[in-house]
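Okay, structure first, notes after.
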Amino acid sequence: MTKTPLPETASQTAGPYVHIGLASEAAGLERSLSALGACIAGPDVPGERMVIEGQILDGAGVPVTDAMVELWQGDATGKLAGSEGCASGFHGWGRTAADFETGRWRFETIKPGPIGNQAPHLALWIVARGINIGLHTRAYFDDAAEANAVDPVLLSLPEDRRASLLAQKSGDRGYRFDVHLQGNFETVFFDL
């Protein structure tokens with residue numbers, strides 16, 4: 001008996017039902033699990049209030065409108081949620097869905113402090129239809145050049161790729177961080 005090799009099948013991806021399970025408010029469902037991650041830093045948490053927003057863009061620069069973004073960060077002193085000395089009311093985690101028409105995403109939070117010898121940064125995780133494994137990246141701040149210059153993660157990257165991890169100051173308290181999935185401006189992603 002001869003064995004006939006089976007053909008490859010499509011890879012398992014995060015979509016198209018990612019919003020129903022993980023960002024139900026965006027899917028139009030009344031009971032929202034996404035609300036669990038909406039508050040990163042309560043109103044009494046000390047720190048510089050900031051907004052970070054951006055788009056997830058494909059290799060052609062077209063917004064990916066079905067993405068979901070999760071954010072983790074330290075508090076203003078770099079303490080992680082749940083660790084000793086972390087600010088009360090600081091959750092350190094958020095989840096949002098990209099707008100279904102524009103692909104824009106946004107978090108309101110506080111600016112994080114340095115964690116150990118690492119420059120202040122945000123950790124992001126991105127999923128969307130067609131992404132087989134969630135993508136991990138970081139957003140550093142372009143106005144923290146001194147801290148960025150000694151960050152061990154940034155220094156481990158080729159110099160010409162570091163700029164893909166810099167959130168650009170935008171307005172009084174905002175930053176813009178677009179994530180490019182492919183192409184000439186591809187964001188650095190980490191294999192965790």
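Counting from 1, the numbers follow the sequence of the chain as shown.
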Is the shortest side-chain heavy-atom distance between [X] and [Y] below 4.5 Å?
| X | Y | value |
| --- | --- | --- |
| I56 | I126 | yes |
| F189 | L181 | yes |
| W72 | L80 | no |
| E101 | T65 | no |
| R138 | F177 | no |
| V179 | V64 | no |
| I52 | W105 | yes |
| L122 | F107 | no |

Please work out which of the three classes, parallel, tilted or perpendicular, describes the rings of H180 and F185, given edges at 30° and 60°.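 Tilted, since the angle between the ring planes falls between 30° and 60°.
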
Quick one: [atom1] on [X] to [atom2] on [Y], what's the gap to the nearest 0.5 Å?
| X | Y | atom1 | atom2 | result |
| --- | --- | --- | --- | --- |
| T109 | M50 | OG1 | CE | 6.5 Å |
| R161 | S156 | CZ | OG | 12.0 Å |
| L166 | N148 | CG | CG | 6.0 Å |
| W93 | I40 | CH2 | CD1 | 9.0 Å |
| D160 | R162 | CG | CZ | 9.0 Å |

Verdict with reasoning, Y175 to D142, per side chain to side chain donor-acceptor pair (under 3.5 Å): CA-CA 9 Å; Y175 291 88; D142 72 338; 5.6 Å; no

Decide if the gap between the ring center of H121 and the ring center of Y140 is smaller than 6.0 angstrom.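 Ring-ring flag for H121/Y140: true, centres closer than 6.0 Å.
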
Hydrophobic cluster identity match, [X] and [Y], side-chain contacts under 4.5 Å:
| X | Y | value |
| --- | --- | --- |
| L154 | V188 | yes |
| F141 | I110 | yes |
| V62 | M68 | no |
| V69 | I131 | yes |

So, does [X] use its side chain to make a donor-acceptor pair with the main chain of [Y] at under 3.5 Å?
| X | Y | value |
| --- | --- | --- |
| D151 | A119 | yes |
| K79 | G82 | no |
| E159 | L157 | no |

Please evaluate residues K111 and D75 with respect to the criterion salt bridge (Lys or Arg N to Asp or Glu O under 4.0 Å), reporting the C-alpha separation (whole Å), side-chain torsions for both, the decisive distance (0.1 Å), and the verdict. CA-CA 7 Å; K111 195 166 182 179; D75 71 7; over 6 Å; no

Looking at every non-hydrogen atom in both residues, tell me the closest pair between [X] and [Y] and how far apart they are.
| X | Y | result |
| --- | --- | --- |
| P63 | G103 | CB-CA, 4.3 Å |
| I115 | G78 | CG1-O, 3.3 Å |
| K169 | D172 | NZ-O, 3.1 Å |
| Q55 | D178 | N-OD1, 2.9 Å |
| E53 | R106 | OE1-NH1, 3.5 Å |
| A76 | G47 | CB-CA, 3.9 Å |

Working for salt bridge (Lys or Arg N to Asp or Glu O under 4.0 Å), residues D66 and R129: CA-CA 7 Å; D66 65 349; R129 180 171 12 110; 3.0 Å; yes

E186 vs S164, side chain to side chain donor-acceptor pair (under 3.5 Å): CA-CA, chis, key distance, verdict: CA-CA 7 Å; E186 183 177 324; S164 75; over 6 Å; no

